[in-house]
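Encoded as structure tokens, the structure appears first; notes follow it.
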Amino acid sequence: MNIEGLNPQQSSATTHLGSPLLVLAGAGSGKTRVITHKIAWLIRNAGYAAYQIAAITFTNKAAREMKERTLSLLSRQEAKGLTVSTFHTLGLSIIRSEIETLGYKSGFSIFDAQDSASILKELAYKEDNLADEDTESRWIISRWKNDFVNPEQALQIAENPKEVQAAILYGKYQRQLKAYNGLDFDDLIVLPTQLLENNEAVRTKWQNRLRYLLIDEYQDTNACQYRMIKLLAGVRGEITAVGDDDQSIYAWRGAQPENLNLLQQDYPMLKVVKLEQNYRSTEFILGAANHLIANNPHLFDKKLWSALGYGEKILIMPCRTAEHEAEKVITEILKYKFRARAEPEDFAILYRSNHQGKLFERVLRENNLPYRVTGGQSFFERAEVKDTLAYIRLIANPTDDAAFLRVVNTPKREIGLSTLEKLGTYAYERGTTLLAASHEFGFAQRISNRAKLNLDRFTDWIEHLIRSVDNFTPHEFIRQIINDIGYEDYLLNMSSSPKMAERRMDNVKEVFKWIERLYDDGDGKETLGEIVAHMTLMDLLERNREDKDNNEITLMTLHSSKGLEYPYVFIVGVEEDLIPHANSLSENEEGLEEERRLMYVGITRAKQQLTISYAKTRSRYGEELTCEPSRFLDELPAANIEWEDKRQISPEQKQENADAYMKDILAMLEE
């Protein structure tokens, strides 16, 4: 049965039932179309209600796109109750539903990376004064959580002193989080998985609630996510997993492409459907990608093909220096802009590391070309902005425990983690907030007089601020708070340089100006509470900002480019130690294989034209170094590439190109 608009392989995947299904979806092969059509087919043809189906992916953007495309196929009534979410959002839903079974109280806080780092830093300092261990420990603990390793198991498998230290901190860290009624990002997967594994009643309940699962980007699942899905699917195995082992580029965050292979072991009746027709790129581009990735071992063999014709050969541009590379790439962009009438949004410049983008930004600015850098840090994610907003949140809402914990020791007030852990435990037992619990007589009996004095000094001050908030305009009020706590001096002590401290303080001042503008504008934003609500919304909107808001050239890392496509793609800095990256080469053969997959992802972003460049010399830390072209260039088929420095152009062709160039410029001027 072929479904209209789908090719035979896509139709086969869409209509398959009766056994677990793995869809091997090559780059640009229409995997989202298969998932959305399968959801519609399950509801209309297979007797499933929408509320019995869950489609799970990795990013909010992918989930939103998937839901929008599904709703275009179904009526709102048909889609009512459908779950389309990220792994973490699904985990959060399970936690909220089973909060009492998990032993947490409602209104728990979710700690971000900076909050977690602060807790670990304090714990590490108390643990034999190993204050410098917290950063590495945080990554080790996160890796263990992704691998579904608990603190007791971590102590048994720790292989070196750093891992032993991390294992000790792991147990203390989890107890601290529980005392705060808090979870970190990894816990949103770990806790539901532990509950599903250990509680048969809860497991049965969720298996009956979600009767069919569709998992996107299966090659990016880690051990804990794989376990969670397996527990939800149960023995029925009503599951469609969509993935591509050639696009697994997230080993550094726990992704295990071998999970695709595990499906065959766990579900012997697994059916495999390959999507090999690419609807994005030309044959020259796909042929080069196939040739490159063939150097990796494969769990499943597949070969992408295209019906879009051969197209243009891949252009390889050797450059003298990194600066020369940036200039040549922008020149090529200008050429396509004039000759092909391409828009800025048609171009993407991809690199291995964020620092490579700065030179391209400079040359783009010099040529008045609009651009944007994706993957940079949001204004709201900066520590100094979060500190300032946390004070505002706590004063506007004294029940905000997460805000309380962020500011209680920012700057330091000699309120130790032991005191805060006891406060968290006491507040949990009493079913109240941290601020309210801090004044109760029962809590005072659990800590020393000195600890009580330090905590009272802080909480009394906060409550004084709460009482006096209406006496000032919001921006004057928060400016006074920042001055009172000596935050500028705090930044000076905490920053790597005075200039860095100044830049961070400028961000704080921007918050002052923002609050003042909101207050002056009025329109329901006159009080601190109203302003907090507005800023929270703006934070969410910025985090969820679509990738293409404006007509701009995109600069991003190769990792960030996954899932995107552009008519004209430039992969820059294709040199040894950059791509493949030196850090990956120092690990093992698997590191090289992942770097090759990363290059493959970059190549398959291009629709019409791919240009690859490298510099022969590059300045690093003030030293001029000679660069070797990447080994991956030798793995591209000669028939699919053209070297810029070996191109033979006749005088007639040069004149023809010049005439066409001038004709295009004149045509643009006449518009």
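This structure is a prediction, so every number in the text was calculated from the model and none was measured.
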Margin query: Using a 3.5 Å distance criterion without hydrogens, assess whether the side chain of Asn409 forms a donor-acceptor pair with backbone atoms of Arg413.
Written below: yes
Notebook entry, point to check: Does atom CZ of Arg430 have more than 12 heavy-atom neighbours from other groups under 6.0 Å away?
Noted result: no
Next item on the list: For the pair Glu421 and Ser418, evaluate side chain to side chain donor-acceptor pair (under 3.5 Å) and give the outcome as yes or no after the intermediate values.
Entry: CA-CA 5 Å; Glu421 183 176 357; Ser418 176; 5.8 Å; no
Next item on the list: Mark yes or no for whether Asn367, through its side chain, and Val363, through its backbone, hold a donor-acceptor pair below 3.5 Å.
Entry: yes
Next item on the list: Considering non-hydrogen atoms only, spot the tightest contact between Leu177 and Ile119 and give its length.
Entry: CD2-CD1, 4.0 Å
Next item on the list: Could you tell me the separation between the CG atom of Asp216 and the OG1 atom of Thr32, rounded to the nearest 0.5 Å?
Entry: 5.5 Å
Margin query: Before we go on, tell me: are the rings of Tyr170 and Tyr173 under 6.0 Å apart, centre to centre?
Written below: no
Next item on the list: Please assess Ile478 against Ile515 for the test side-chain contact (heavy atoms from CB on, under 4.5 Å), listing each intermediate value before the final yes or no.
Entry: CA-CA 9 Å; Ile478 191 61; Ile515 294 172; 3.8 Å; yes
Next item on the list: Please tell me if the side chains of Leu188 and Phe185 come closer than 4.5 Å, counting only heavy atoms from C-beta onward.
Entry: yes
Next item on the list: Nearest 0.5 Å please: distance from the NZ atom of Lys452 over to the OG1 atom of Thr459.
Entry: 6.5 Å
Note to self: Counting C-beta onward and ignoring hydrogens, is there a side-chain heavy-atom pair between Gln176 and Leu120 closer than 4.5 Å?
What the structure shows: no
Checklist line | From CA spacing to verdict: salt bridge (Lys or Arg N to Asp or Glu O under 4.0 Å), Glu136, Arg143 | finding: CA-CA 11 Å; Glu136 190 162 1; Arg143 188 188 75 216; over 6 Å; no
Next item on the list: Output yes when a side-chain donor or acceptor of Arg352 lies under 3.5 Å from a complementary backbone atom of Ile579, and no otherwise.
Entry: no
Margin query: What verdict does the side-chain contact (heavy atoms from CB on, under 4.5 Å) test give for Phe148 and Gln194, after you've listed the backbone C-alpha separation in whole Å, the side-chain angles of each residue and the deciding distance to 0.1 Å?
Written below: CA-CA 9 Å; Phe148 204 57; Gln194 289 173 338; 3.7 Å; yes
Note to self: Check this for me: Glu502, atom CD, are more than 12 non-hydrogen atoms of other residues, nucleotides or ligands nearer than 6.0 Å?
What the structure shows: no
Checklist line | Tyr351 and Phe360 aromatic ring geometry - parallel, tilted or perpendicular at 30°/60° bounds | finding: parallel
Notebook entry, point to check: How many angstroms lie between CD1 in Ile481 and CD1 in Ile392, if you round to the nearest 0.5 Å?
Noted result: 7.5 Å
Check: Do Asp460 and His439 have side-chain heavy atoms sitting under 4.5 Å apart?
Finding: yes
Next item on the list: Take atom CG of Asn493 as the centre, draw a 6.0 Å sphere, and report whether it contains more than 12 heavy atoms from other residues, nucleotides or ligands.
Entry: yes
Item checked: is_close_aromatic(Phe458, Phe404), centroid dist under 6.0 Å -> yes
Check: So how far is it from Leu492 CG to Met505 CE, rounded to the nearest 0.5 Å?
Finding: 11.5 Å
Notebook entry, point to check: Considering all heavy atoms of both residues, which atom of Ala390 and which atom of Ala403 are nearest to each other, and what is their separation?
Noted result: O-CB, 3.5 Å
Margin query: Once rounded to the nearest 0.5 Å, what's the spacing between atom CG of Leu434 and atom OH of Tyr426?
Written below: 12.5 Å
Check: Going by heavy atoms in the side chains, are Leu578 and Gln356 under 4.5 Å from each other?
Finding: yes
Checklist line | Sub-4.5 Å side-chain heavy-atom contact between Val572 and Val329 | finding: yes
Checklist line | SB check Asp387 Arg504 (cutoff 4.0 Å) | finding: no
Notebook entry, point to check: For Arg450, does the CZ atom sit with more than 12 other heavy atoms under 6.0 Å from it, leaving out its own atoms?
Noted result: no
Checklist line | Heavy-atom closest contact (Thr410 atom, Ile485 atom, distance) | finding: O-CD1, 4.2 Å
Next item on the list: Give a yes or no on whether the ring-centroid distance for Phe87 and Phe58 is below 6.0 angstrom.
Entry: yes
Next item on the list: Grab the two heavy atoms, one from Asn454 and one from Ile415, that are nearest each other, plus how far apart they are.
Entry: O-CD1, 3.8 Å
Note to self: Less than 4.5 Å apart, side chain to side chain, heavy atoms only: is that true for Pro344 and Leu369?
What the structure shows: no
Next item on the list: Please report the C-alpha distance between Ser142 and Asp186 in whole Å, then the side-chain angles of each, then the deciding distance to 0.1 Å, and finally whether the side chain to side chain donor-acceptor pair (under 3.5 Å) criterion is met.
Entry: CA-CA 7 Å; Ser142 181; Asp186 294 321; 2.7 Å; yes
Check: Do Glu65 and Arg69 meet the salt-bridge criterion of a basic N to acidic O distance under 4.0 Å?
Finding: yes
Notebook entry, point to check: Between the side chain of Glu325 and the main-chain N/O of Gly573, is any donor-acceptor distance below 3.5 Å?
Noted result: yes
Check: Are Glu323 and Arg362 within salt-bridge range, i.e. N to O under 4.0 Å?
Finding: no
Checklist line | Expected output: side-chain Thr557 to main-chain Ser560 donor-acceptor under 3.5 Å | finding: yes
Margin query: Between the side chains of Glu343 and Lys337, is the shortest nitrogen-to-carboxylate-oxygen separation below 4.0 Å, so that they form an ion pair?
Written below: no
Note to self: A side-chain contact here means heavy atoms from C-beta on lying under 4.5 Å apart; do Met494 and Leu491 qualify?
What the structure shows: no
Notebook entry, point to check: Under 3.5 Å, is there a donor-acceptor pair between the Arg406 and Tyr391 side chains?
Noted result: no
Notebook entry, point to check: Would you find more than 12 non-hydrogen atoms of other residues, nucleotides or ligands less than 6.0 Å from His464 atom NE2?
Noted result: no
Item checked: Backbone N/O of Cys224 and side chain of Asn222: donor-acceptor pair under 3.5 Å -> yes
Note to self: So for atom CD, which belongs to Gln174, do other residues, nucleotides or ligands contribute more than 12 heavy atoms lying within a distance under 6.0 Å?
What the structure shows: yes
Notebook entry, point to check: For Ile95 and Ile99, what are the C-alpha separation, side-chain angles and deciding distance, and is it a side-chain contact (heavy atoms from CB on, under 4.5 Å)?
Noted result: CA-CA 5 Å; Ile95 290 170; Ile99 191 70; 4.2 Å; yes
Next item on the list: Determine the minimum heavy-atom distance between Met228 and Ile94, stating which atoms define it.
Entry: CE-CD1, 4.1 Å
Check: What do you reckon, is CD of Glu100 surrounded by more than 12 foreign heavy atoms closer than 6.0 Å?
Finding: no
Check: Is Pro498 close to Met500 at the side-chain level, that is, under 4.5 Å between some pair of heavy atoms?
Finding: no
Checklist line | Rounded distance [0.5 Å steps], CD in Glu414 versus CG in Leu453 | finding: 10.0 Å
Item checked: Pair Arg517 + Glu510, salt bridge at N-O below 4.0 Å -> yes
Notebook entry, point to check: For Val508 and Val385, what are the C-alpha separation, side-chain angles and deciding distance, and is it a side-chain contact (heavy atoms from CB on, under 4.5 Å)?
Noted result: CA-CA 6 Å; Val508 175; Val385 174; over 6 Å; no
Item checked: Nearest non-hydrogen partners of Val190 and Lys145, listed with the distance -> CG2-O, 3.6 Å
Next item on the list: Answer yes or no on whether Lys422 is positioned over the face of Phe443, meaning its NZ or CZ is under 6.0 Å from the six-membered ring centre and within 45° of the axis.
Entry: no
